[in-house]
Structure formats: C-alpha cells, structure tokens
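Excluded from the calculations below are hydrogen atoms, water molecules and symmetry mates; all remaining heavy atoms, backbone and side chain alike, are included. Here the structure is a predicted model, which means the values were calculated and not measured. Start at 1 and go down the list; that is how both ligands and their atoms are numbered.
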Amino acid sequence: TRIKGDYRYEIGELASTLNYMADEIVRSNQIKDDFISSISHELRTPLTSIKGWSETLVSGGYDPEETKLGVGIISRESDRLIGLVEEILDFSKLQQNEMKLSMGQVDIKVLLQETLLNIWAKAEKKRIHLLLECEETIFIKADANRLKQVFLNLVDNAVKFSPEDSSIVLSAERLSGTEMAVTVRDSGIGISEAHLARVRDRFFQVDALNGGTGLGLAISQQIVELHNGKLEMDSELGKGTQVTVILPLDDSQQGNARPSNSPV
Ligand code: ADP
C-alpha cells in the first residue's frame with residue numbers, strides 16, 4: 001500500500017503523469033502527421049489538374065470548345081485550392097484567438113436563402129432537394145459572412161454525405177425570448193455514436209478517403225461559440241444527421257418581430 005508523503009508514492013504519481021503526457025504527445029503527433037498527409041493530398045490533387053491542363057493548353061492546337069473546358073477546370077480547381085488555404089488560415093486564426101467578428105444586424109431568412117443559392121449547383125449534381133423552412137422574420141446580431149460560412153459548411157457536409165435524390169432541410173425558429181435555432185437535417189449516411197463524439201475535433205474524419213481537411217466542423221463550432229452560441233449534433237448511422245446552431249436573438253429586436261414583407 002502507498003502512504004501519502006512517502007516519496008515512492010510521489011514518484012509513482014509523477015511517473016504515471018509523465019506516461020500520460022507522453023501518450024498525449026504521441027497521439028497529437030499522430031493526429032498532426034495524419035493531417036499533414038491528408039492536406040498534402042488535398043492540395044496536390046487540384047494542383048496536378050491545373051498543371052496538366054495548363055501544359056496541354058500551352059502546347060496549342062485546341063479548338064475554342066476544348067480550350068474553354070480546360071480553362072474552366074483550371075478556374076474551378078484554383079477555387080478549390082483557395083478554399084483549402086482559407087480554411088487552414090481560418091483555423092490558425094481561431095487557434096491564436098485572432099479571428100475578429102464584424103457584427104451587424106442579420107436577417108436569418110435572407111442569410112439562409114443566400115447560403116442555399118451558393119450551394120444549389122452542387123446539390124443539383126446529385127439531384128438533392130434543398131428546402132428552407134422559416135416562417136418568421138428573425139433578426140440576430142452577427143458577422144453575416146462568418147455565419148454564412150458556418151451554414152455553407154454544414155450544408156456542404158450534408159450534400160457530401162447524402163445519397164442522390166434525397167432532401168436536405170434547413171429550418172430556423174425562435175426557441176424562446178432570447179434564443180433562436182437553425183437546423184440542417186439530412187438523410188445521408190449518418191455518424192456512429194463513437195464517431196459523433198469526435199467529428200468536431202480538429203482534423204478528425206470518419207473516412208479520410210472522402211476528401212476534406214477535417215477542419216470544417218471544428219471551425220464552424222468555434223465561430224458559433226464566438227457568437228455566444230452552441231453547435232449541437234445528433235445522428236444515426238444509416239439514417240441521417242442533424243446539426244443545430246443555437247444563437248442569441250438580437251436584444252433590440254426582442255418582442256419586435258416584423259412581418260417578412262414589411263420594409264426594414
Ligand atoms: P471535412 O472537411 O473533412 O468534411 P468536417 O469537420 O466538416 O471535415 O467533418 C468531419 C467529419 O465528420 C467528416 O469527414 C465526416 O466523416 C463527418 N461528417 C460531417 N458532417 C456529416 C454529415 N452531415 N453526415 C455524415 N458525416 C458527416
């Protein structure tokens with residue numbers, strides 16, 4: 001038996017703490033290694049395509065249709081690269097507590113409509129129906145661009161993990177006098193209980209083959225928290241996923257709801 005004060009007890013405690021720390025370091029190094037290998041792959045794929053098409057076009061002899069196709073691919077792949085780099089930069093800003101919000105009054109319905117417009121073409125490719133349910137006009141104080149980034153990420157995930165011909169529903173409602181919720185619901189592949197606990201961890205992906213950085217949900221959760229909100233997830237494997245973003249209502253608008261067709 002160990003007696004407190006006995007140096008053997010203290011050395012034992014110290015050894016187990018050091019062991020624990022060493023395990024943590026190994027674990028976090030492993031996570032970083034996985035991230036570096038997956039991000040390198042993510043960056044290389046569009047770069048290979050950009051390089052391939054530019055060399056092909058430079059060699060000449062292509063008709064206008066083929067040239068248009070090549071330039072279109074170069075442009076799309078460059079956007080993908082910019083998106084990846086921005087995601088990494090946002091993550092690093094959040095890590096260093098350097099993301100500054102530019103707050104203003106935001107009409108949630110308008111913001112969600114804009115979000116859906118941005119992702120419409122991608123959903124269309126899988127014939128996925130995007131539905132918006134928002135009966136009332138809801139104002140909140142938020143950074144419109146950052147919040148749109150969150151909803152875009154959530155709907156983008158929903159599209160990515162949903163089968164063709166399915167539906168994704170975005171809904172917004174007041175919860176109480178002080179809070180509102182936006183929910184993104186899909187009927188896609190779902191997430192197991194064990195994975196659900198980890199999907200919001202930075203770099204975590206259920207399957208690295210799906211592409212992406214594993215940063216989207218970690219960034220989204222932190223942006224929501226910067227708005228004094230919460231991001232909650234519920235999912236059932238094989239059935240679908242529901243992500244709810246709860247945000248405080250704009251104080252100055254409480255009890256002052258306007259019909260959506262009235263001038264602001
Ligand atoms: P990524 O950019 O890799 O998608 P995220 O942080 O957005 O990173 O998501 C992490 C992981 O969570 C995804 O790789 C996926 O395994 C899982 N996931 C996220 N959203 C969904 C969803 N709607 N349905 C099923 N799995 C999801």
Side-chain angles (χ1 to χ4, degrees), residues 28 30-46 77 79-95 99 112 115-116 118-119 122-123 125-126 128-132 146-171 181-226 229-245:
S28 75
Q30 181 62 47
I31 292 172
K32 275 193 185 141
D33 288 349
D34 290 350
F35 172 69
I36 288 168
S37 97
S38 94
I39 198 71
S40 308
H41 178 77
E42 285 295 301
L43 293 171
R44 201 174 48 205
T45 312
E77 295 300 297
D79 284 345
R80 198 166 132 195
L81 272 182
I82 293 169
L84 279 168
V85 171
E86 273 173 359
E87 197 167 56
I88 298 167
L89 289 176
D90 281 347
F91 176 71
S92 129
K93 257 190 221 161
L94 283 161
Q95 286 291 97
M99 184 178 282
L112 294 179
T115 305
L116 290 185
N118 274 320
I119 202 131
K122 200 167 186 177
K125 281 195 189 132
K126 291 175 86 176
I128 290 176
H129 306 275
L130 299 175
L131 304 166
L132 175 60
R146 288 298 180 191
L147 214 50
K148 196 155 121 191
Q149 177 183 354
V150 170
F151 297 134
L152 263 175
N153 176 243
L154 299 181
V155 183
D156 190 65
N157 277 344
V159 170
K160 192 160 144 189
F161 297 106
S162 285
E164 294 190 341
D165 295 303
S166 60
S167 298
I168 294 168
V169 185
L170 238 92
S171 56
V182 174
T183 304
V184 180
R185 205 167 60 237
D186 68 56
S187 41
I189 62 171
I191 306 165
S192 71
E193 215 177 308
H195 287 147
L196 193 60
R198 300 185 56 200
V199 285
R200 281 167 286 173
D201 290 354
R202 58 201 177 141
F203 314 135
F204 184 82
Q205 298 180 296
V206 174
D207 184 348
L209 291 177
N210 283 323
T213 57
L215 289 176
L217 284 172
I219 292 175
S220 296
Q221 171 152 304
Q222 289 184 65
I223 293 177
V224 169
E225 284 169 357
L226 280 179
K230 277 182 293 196
L231 188 147
E232 292 173 352
M233 285 182 84
D234 207 5
S235 190
E236 202 179 325
L237 205 55
K239 291 258 164 74
T241 302
Q242 174 167 319
V243 186
T244 307
V245 172

Problem set entry | Sub-4.5 Å side-chain heavy-atom contact between L154 and V245 |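 A side-chain contact under 4.5 Å exists here.
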
Exercise. Are any non-hydrogen side-chain atoms of M99 and Q222 less than 4.5 angstrom apart?
Worked result: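 Counting from C-beta outward, M99 and Q222 never come under 4.5 Å.
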
Shortest protein heavy-atom distance from [atom], along with the residue and atom involved:
atom: atom 5 (P) of ligand 1; value: L217 N, 3.5 Å
atom: atom 26 (N) of ligand 1; value: I191 CG1, 3.4 Å
atom: atom 1 (P) of ligand 1; value: G214 N, 3.5 Å
atom: atom 12 (O) of ligand 1; value: V199 CG1, 3.2 Å
atom: atom 7 (O) of ligand 1; value: N157 ND2, 2.9 Å
atom: atom 11 (C) of ligand 1; value: F204 O, 3.8 Å
atom: atom 15 (C) of ligand 1; value: F161 CZ, 3.4 Å

Can you sort out which atoms of ligand 1 are near [X], meaning under 4.0 Å from one of its heavy atoms?
X: G212; answer: 2 (O), 3 (O)
X: G216; answer: 5 (P), 6 (O), 7 (O), 8 (O)
X: Q205; answer: 3 (O), 14 (O)

For this session: Could you tell me which non-hydrogen atom of T244 sits nearest to which non-hydrogen atom of A181, and how far apart they are?
Result: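 The answer is CG2-CB, 3.9 Å.
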
Exercise. For the residue pair L170 and L116, what are the closest heavy atoms and their distance?
Worked result: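 Heavy atoms only, the tightest pair is CD1-CD2, 3.9 Å.
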
Exercise. Between G190 and ligand 1, does any nitrogen or oxygen pair lie at a separation below 3.5 Å?
Worked result: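 No, there is no polar N/O contact under 3.5 Å.
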
Using atom types as modelled and distance alone, determine if a side-chain donor or acceptor of [X] lies under 3.5 Å from a backbone N or O of [Y].
X: D186; Y: T241; answer: yes
X: K122; Y: D156; answer: no
X: S235; Y: G240; answer: yes

Exercise. Are side-chain N/O atoms of N153 and E87 paired as donor and acceptor at under 3.5 Å?
Worked result: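 Absent: no donor and acceptor within the cut-off.
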
Exercise. Just heavy atoms, cut-off under 4.0 Å: does K160 contact ligand 1 by side chain, backbone, both, or neither?
Worked result: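 Side chain only.
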
Exercise. Any idea which part of D186 is under 4.0 Å from ligand 1, heavy-atom wise: side chain, backbone, both or neither?
Worked result: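 D186 to ligand 1: side-chain contact only, backbone stays beyond 4.0 Å.
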
Exercise. Around H129, counting heavy atoms of other residues, nucleotides and ligands shown, do more than 12 lie under 6.0 Å from its NE2?
Worked result: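 Yes.
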
